[in-house]
> 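Mind having a look at this structure? Questions to follow.
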There are 2 protein chains.
Amino acid sequence: MAIRSEASDAAEILNLENFLPYRLYRLADAVSREFSRIYKDSHGLTRPEWRTLSGLGQHGTMTATELGEQSAMHKTKVSRAVAELERRRWLVRTPDENDRRVEHLSLTKAGLAAYREMVPLAKAFERDLLARLSAEERTAITSGLAALETSLVPSKS
Amino acid sequence: MAIRSEASDAAEILNLENFLPYRLYRLADAVSREFSRIYKDSHGLTRPEWRTLSGLGQHGTMTATELGEQSAMHKTKVSRAVAELERRRWLVRTPDENDRRVEHLSLTKAGLAAYREMVPLAKAFERDLLARLSAEERTAITSGLAALETSLVPSKS
DNA sequence: CCAAACTGGTTTCATTTGTAACCATCGAAA
DNA sequence: TTTCGATGGTTACAAATGAAACCAGTTTGG
């Protein structure tokens with residue numbers, strides 16, 4: 001048609017609501033915000049702190065570098081999260097015997113207790129999230145995410 | 001087995017790499033980081049600024065509140081993004097006739113030009129992203145995301 | 001008409017983040 | 001061995017963010 005405002009000239013328009021990066025981000029943001037209540041409201045943890053706790057709870061002992069790789073955090077985030085958890089006495093550092101730059105991190109009893117307390121809540125959260133979907137939708141999101149992950153998350157490729 | 005470290009006692013462990021909120025966030029983060037090159041490296045825009053530009057490019061004229069709803073941004077983000085785009089002379093505000101609290105925002109020629117320049121790049125980015133997947137994987141991610149969205153993004157329900 | 005509650009939008013302040021520079025240590029090569 | 005480049009980790013600084021207070025202006029109910 002001849003009469004059409006500049007700003008809505010078809011082919012040149014990007015539909016933000018359908019744009020994959022935007023959809024992904026908005027969804028992750030919403031889910032993450034909801035989920036953060038589990039570690040933030042109850043213990044005042046930040047996301048990096050939660051991930052650090054979670055990584056150590058899962059693996060027992062890790063270095064800061066390993067933590068960064070496992071939980072996709074920049075080393076400064078790891079450094080700060082570790083410092084805070086240490087301040088809370090939720091983790092301890094033990095220097096490496098051979099390489100004095102490296103520290104092995106592990107949870108204290110208190111840290112482990114907090115971890116153990118949150119894990120069931122986290123699992124319940126995920127379960128409830130998925131429970132709103134049909135079986136097909138669940139496999140769709142799972143395999144769809146996996147496909148995108150292998151296609152672009154460095155460590156997954 | 002009897003011999004197992006406290007930290008790896010099966011049922012109590014959360015596997016972060018498979019945890020949906022984490023996977024979503026990491027993926028969104030990776031995609032978003034990649035995509036940001038399009039608006040950041042070329043024009044030094046922030047994400048809120050890009051979204052504002054995108055919203056106005058798509059809809060022609062909007063109020064700050066509408067922008068916030070459409071692009072899932074807190075009103076402070078919108079406010080700051082609008083201020084910056086105005087400073088660049090990429091958008092103008094026109095006061096509402098009836099309600100003097102409201103301003104209608106629209107892109108200037110310069111803003112529209114920038115938008116038009118970036119849209120094809122954005123579309124190409126998305127296309128390339130999806131091109132790495134098989135047809136089934138594409139429908140999987142698309143419908144999986146849609147299912148999750150309707151199940152929890154407020155405006156979508 | 002007027003006060004109270006509400007809404008659009010901005011600002012302030014504290015916290016979080018990213019980048020880059022940095023310190024110490026390590027490993028390899030000269 | 002000494003030097004130089006990588007590596008583990010921390011710190012300093014600037015920019016981005018979120019929460020809450022705020023300032024119009026507007027509506028609602030008495």
Side-chain angles (χ1 to χ4, degrees), chain A residues 25-26 28-30 32-37 39-41 43-52 55-56 61-88 91-106, chain B residues 25-26 28-30 32-37 39-41 43-52 55-56 61-88 91-106:
Chain A
Y25 196 93
R26 183 186 51 181
D29 196 58
S32 179
R33 232 190 241 331
E34 260 304 302
F35 179 62
S36 75
R37 293 151 53 83
Y39 52 80
K40 190 173 201 172
D41 291 4
H43 289 102
L45 294 180
T46 62
R47 182 166 42 226
E49 284 154 21
W50 150 252
R51 285 193 188 169
T52 298
L56 293 179
T61 291
M62 304 172 82
T63 68
T65 303
E66 289 168 346
L67 261 172
E69 285 162 4
Q70 199 231 350
S71 51
M73 297 191 292
H74 187 79
K75 57 187 191 165
T76 58
K77 275 191 189 171
V78 175
S79 175
R80 297 191 256 241
V82 166
E84 168 61 19
L85 293 186
E86 183 186 33
R87 203 193 55 70
R88 287 179 185 238
L91 71 72
V92 290
R93 320 183 189 225
T94 29
D96 184 275
E97 299 276 290
N98 311 314
D99 188 338
R100 289 190 307 188
R101 293 169 303 181
V102 179
E103 306 177 308
H104 299 279
L105 310 166
S106 52
Chain B
Y25 196 93
R26 183 186 51 180
D29 196 58
S32 180
R33 232 190 240 331
E34 260 304 301
F35 179 63
S36 76
R37 294 150 54 84
Y39 53 78
K40 190 173 203 174
D41 291 3
H43 291 102
L45 295 179
T46 62
R47 183 167 42 226
E49 285 155 19
W50 150 253
R51 283 192 189 171
T52 298
L56 294 179
T61 291
M62 305 173 81
T63 67
T65 303
E66 289 167 347
L67 261 171
E69 286 163 2
Q70 199 231 352
S71 50
M73 295 191 293
H74 187 77
K75 58 185 188 167
T76 60
K77 274 191 187 171
V78 176
S79 175
R80 297 192 255 242
V82 166
E84 169 60 18
L85 293 186
E86 183 186 34
R87 203 193 56 69
R88 286 180 186 236
L91 71 72
V92 290
R93 318 181 189 229
T94 29
D96 184 276
E97 299 276 290
N98 310 315
D99 187 339
R100 289 189 307 187
R101 292 168 304 180
V102 178
E103 306 178 309
H104 299 278
L105 309 166
S106 52

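Lettering of chains follows the sequences in order, A, B, ..., and the numbering in each one begins at 1. Worth knowing before you read on, the calculation uses all heavy atoms, side chains too, and leaves out hydrogens, waters and symmetry mates.
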> What is the distance, to the nearest angstrom, from the CD atom on A:E49 to the C1' atom on C:dT17?
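Value for this atom pair: 13 Å.
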> Hey, can you pull the donor-acceptor pairs under 3.5 Å for the side chains in residues 96-103 of chain B, sequence neighbours left out?
residue, atom, partner, partner atom, Å
B:D96, OD1, B:N98, N, 2.7
B:D96, OD1, B:D99, N, 2.7
B:D96, OD2, B:H104, NE2, 2.6
B:D99, OD1, B:R101, N, 2.9
B:D99, OD1, B:R101, NE, 3.1
B:D99, OD2, B:R101, NE, 3.4
B:D99, OD2, B:R101, NH2, 2.8
B:E103, OE1, B:R93, NH1, 2.9

> Just to verify, what does A:R88 make a side chain to side chain donor-acceptor pair (under 3.5 Å) with, not counting sequence neighbours?
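Per chain and number, A:R88 pairs via side chain to side chain donor-acceptor pair (under 3.5 Å) with A:E84.
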> Mind checking side-chain contact (heavy atoms from CB on, under 4.5 Å) for B:R33 and listing every partner two or more places apart, or none if nothing turns up?
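Counting only residues at least two positions away or on another chain, B:R33 forms a side-chain contact (heavy atoms from CB on, under 4.5 Å) with B:D29.
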> Sequence neighbours excluded, which residues qualify as ring-ring contact (aromatic ring centres under 6.0 Å, His included) partners of B:Y39?
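For B:Y39 the ring-ring contact (aromatic ring centres under 6.0 Å, His included) partners, ignoring immediate neighbours, are B:F35, B:W50.
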> Nearest whole Å is fine: how far is C:dA20 P from A:K77 NZ?
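Going from A:K77 (NZ) to C:dA20 (P), I get 16 Å.
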> Mark up nucleotides 2-8 of chain C, 5' to 3', with B wherever a protein heavy atom is under 4.0 angstrom from a base atom, S wherever such an atom reaches only the sugar-phosphate, and - elsewhere.
-----BS
> Does B:Q70 have any side chain to side chain donor-acceptor pair (under 3.5 Å) partners at least two apart in sequence or in another chain, and if so, which?
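So B:Q70 forms a side chain to side chain donor-acceptor pair (under 3.5 Å) with A:E17, B:Q58.
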> Specify the residue among B:D29 and A:N98 whose closest nucleotide of DNA chain C lies further upstream toward the 5′ end.
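It is B:D29, whose closest nucleotide lies nearer the 5' terminus.
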> Provide the closest heavy-atom pair for B:A81 versus B:T52 in the form atom of the first, atom of the second, distance.
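B:A81 and B:T52 have their closest heavy atoms at CB-OG1, 3.4 Å.
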> What are the 5'-most and 3'-most nucleotides of DNA chain D lying under 4.0 Å from any heavy atom of chain B?
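Contacts span D:dA16 to D:dT26, reading 5' to 3'.
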> Is the side chain of A:S79 donor-acceptor paired with the backbone N or O of A:K75 at a distance under 3.5 Å, no angle test?
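Judged by distance alone, no pair lies under 3.5 Å.
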> Starting at atom CZ of A:R100, determine the distance to atom C1' of C:dG27, rounded to an integer number of angstrom.
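Nearest whole value for this atom pair: 15 Å.
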> Would you mind reporting whether A:V92 and A:S106 have side-chain heavy atoms less than 4.5 Å apart?
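They are in side-chain contact.
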> Find the runs of at least 3 consecutive base pairs, i with j, i+1 with j-1 and so on, that include DNA chain D, using Watson-Crick or G-U wobble geometry with both distances under 3.5 Å.
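The stems that DNA chain D takes part in, listed by first number, are C:1-30 with D:1-30.
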> Just to verify, what does B:S36 make a side chain to side chain donor-acceptor pair (under 3.5 Å) with, not counting sequence neighbours?
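Expected list: none.
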> What residues form a side chain to side chain donor-acceptor pair (under 3.5 Å) with A:T63, not counting sequence neighbours?
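Listed in chain order: nothing, the list is empty.
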> Rounding to an integer number of Å, can you tell me how far A:R80 CZ sits from C:dT16 P?
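The distance from CZ of A:R80 to P of C:dT16 comes to 10 Å, rounded to the nearest Å.
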> Provide, to the nearest angstrom, the distance between the NE2 atom belonging to B:H74 and the P atom belonging to C:dG9.
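In whole Å, C:dG9 P and B:H74 NE2 are 13 Å from each other.
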> To the nearest Å, how far apart are A:D96 CG and C:dT25 C1'?
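In whole Å, C:dT25 C1' lies 12 Å from A:D96 CG.
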> To the nearest 0.5 Å, tell me how far A:T61 OG1 sits from A:L105 CG.
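Reported to 0.5 Å precision, the distance equals 8.0 Å.
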